[in-house]
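Notes follow the structure.
Ligands are counted one by one from 1 in listed order, and the atoms in each one are counted from 1 as well. Nothing here was measured: the structure is a model prediction, and the numbers come from that model.
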Amino acid sequence: MDLGIKGRTAIVCAASKGLGKGCAMALAKEGVNVVISARGKEALEVTADEIRKATGVEVTTVVCDVTTDAGRKALLAACPNPDILINNAGGPPPGDFKDFDEAAWRLAVEGNMITPIALIKAVVYGMMDRGYGRIVNITSASIKNPIASLELSNGARLGLTGAVAVLARKTTGKNVTINGILPGPFDTDRLRNTTKGLAEKAGRPLADVEAERKMAVPAKRFGTTEEFGATVAFLCSAHAGYITGQNILIDGGGYPGPL
Ligand code: NAP
């Protein structure tokens, strides 16, 4: 299927690796020029070259911390009028509720709630004026089914979800949609690191812990960044203008409920 977005421009935040990279590559394969960001320059440039070689689209890199005001300004300066915005950043650290101090909560809210809200506010009205916009917030399956030890993430991401729910209905008459995508376990560096941490803590072989985590998913495997990117690309497509304000699980069946 031709997604009808060739020649459009996307900002993909936090995209040198993992889910963000999967989105950038999938959009680029549809002929979308991408502006990608990350804090580390080296991996970002490697990814940019990989996308250019695979697709031939224009790839702009912005080395920045997207959770800071200066980082967001740099990103918007490189691309003030995107057609597509993919909000993403690293997730807050795990821990025990009793150990999270106010500073930790502020950081989580800044990174996973205020940052995407600020970027949306900066670009959404231009999208409405131009009559095309697709905004996808990468959140987590934890907003449907909160994960123990990830309270910082559960809270900040649910806050973002609530914050844009009304806006997503106001923009859709101008062909601008805002949706959340809720990943379960995907095979990325982040997941590999958390699995390693669990194995070390339990003093068990990494392969055993990894196999157990996979078996806990009804699909019996982790998701791939390619299938994540393909889903996001569809949400950004010309065909998806009637999907807005939705929060779409992509979790191999992990969430047990029908709704
Ligand atoms: P990942 O493989 O560790 O990749 C993270 C990417 O984001 C890297 O390119 C990293 O580059 C960049 N990044 C991180 N913090 C950034 C910041 N402040 N500013 C700019 N770039 C930043 O992680 P992932 O698995 O793709 O996860 C992406 C998001 O999805 C996270 O919020 C994670 O919590 C969430 N999530 C992931 C899963 C999963 O199973 N993978 C499940 C649910 C939710 P630099 O480090 O160089 O900045």
Is there a donor-acceptor pair under 3.5 Å between the side chain of [X] and the backbone N or O of [Y]?
| X | Y | value |
| --- | --- | --- |
| Ser37 | Val62 | no |
| Thr177 | Thr172 | no |
| Thr194 | Leu191 | yes |
| Asp187 | Gly223 | no |
| Thr225 | Leu19 | no |

Do any N/O atoms on [X] end up under 3.5 angstrom from N/O atoms on ligand 1?
| X | value |
| --- | --- |
| Ser16 | yes |
| Gly91 | yes |
| Gly40 | yes |
| Gly90 | yes |

Exercise. Out of Asp189, Thr225, Asn88, whose heavy atom sits nearest atom 28 (C) of ligand 1?
Worked result: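 Answer by nearest heavy atom: Asn88.
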
Exercise. Considering only heavy atoms, which of Cys64, Gly184, Pro185 lies nearest to atom 38 (C) of ligand 1?
Worked result: Gly184

Do me a favour and list the nearest non-hydrogen protein atom to [atom] with residue, atom name and distance?
| atom | result |
| --- | --- |
| atom 40 (O) of ligand 1 | Phe186 N, 2.8 Å |
| atom 19 (N) of ligand 1 | Val66 N, 3.0 Å |
| atom 46 (O) of ligand 1 | Arg39 NH2, 2.9 Å |
| atom 43 (C) of ligand 1 | Pro183 O, 3.3 Å |
| atom 24 (P) of ligand 1 | Thr188 OG1, 3.7 Å |
| atom 35 (C) of ligand 1 | Arg157 NH2, 3.7 Å |
| atom 23 (O) of ligand 1 | Arg190 CB, 3.5 Å |
| atom 13 (N) of ligand 1 | Ala14 CB, 3.6 Å |

Problem set entry | Sub-4.0 Å heavy-atom contact, Ala43 with ligand 1 | no

Problem set entry | contact_flag Thr139 ligand 1 heavy-atom lt 4.0 Å |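 Right, Thr139 reaches ligand 1.
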
Problem set entry | Residue pairs, two or more places apart or on separate chains, that pass ring-ring contact (aromatic ring centres under 6.0 Å, His included) and touch residues 122-155 | none

Exercise. What residue pairs, at least two apart or across chains, pass ring-ring contact (aromatic ring centres under 6.0 Å, His included) with a residue in residues 134-160?
Worked result: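 Every pair satisfying ring-ring contact (aromatic ring centres under 6.0 Å, His included) with a residue in residues 134-160: there are none.
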
With atoms numbered from 1 as shown, which atoms in ligand 1 lie under 4.0 angstrom from a non-hydrogen atom of [X]?
| X | result |
| --- | --- |
| Leu19 | 26 (O), 30 (O), 37 (C) |
| Gly18 | 2 (O), 26 (O) |
| Asp65 | 17 (C), 18 (N), 19 (N) |
| Ala89 | 29 (C), 31 (C), 32 (O) |

For this session: Determine whether the side chains of Ser142 and Arg157 contain a donor N or O and an acceptor N or O closer than 3.5 Å.
Result: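 No.
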
For this session: Please report the closest heavy-atom contact between Cys79 and Ile11, naming both atoms and the distance.
Result: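 Scanning both residues completely, I find the closest heavy atoms to be O-CD1, 3.5 Å.
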
Exercise. What's the spacing between Met1 CE and Ser237 OG if we round to 0.5 Å?
Worked result: 7.0 Å

Exercise. Under 4.0 Å from atom 5 (C) of ligand 1, is there any protein heavy atom?
Worked result: no

Problem set entry | Lys41/Glu45 salt bridge by N-O under 4.0 Å criterion | yes

Exercise. Are any of the side-chain nitrogens in Arg134 or Asp83 under 4.0 Å away from the carboxylate oxygens of its partner?
Worked result: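 Between Asp83 and Arg134 there is no salt bridge, as every charged N stays at least 4.0 Å from the carboxylate O atoms.
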
Exercise. Is the Phe234 ring parallel, tilted or perpendicular to the His239 ring (thresholds 30°, 60°)?
Worked result: parallel

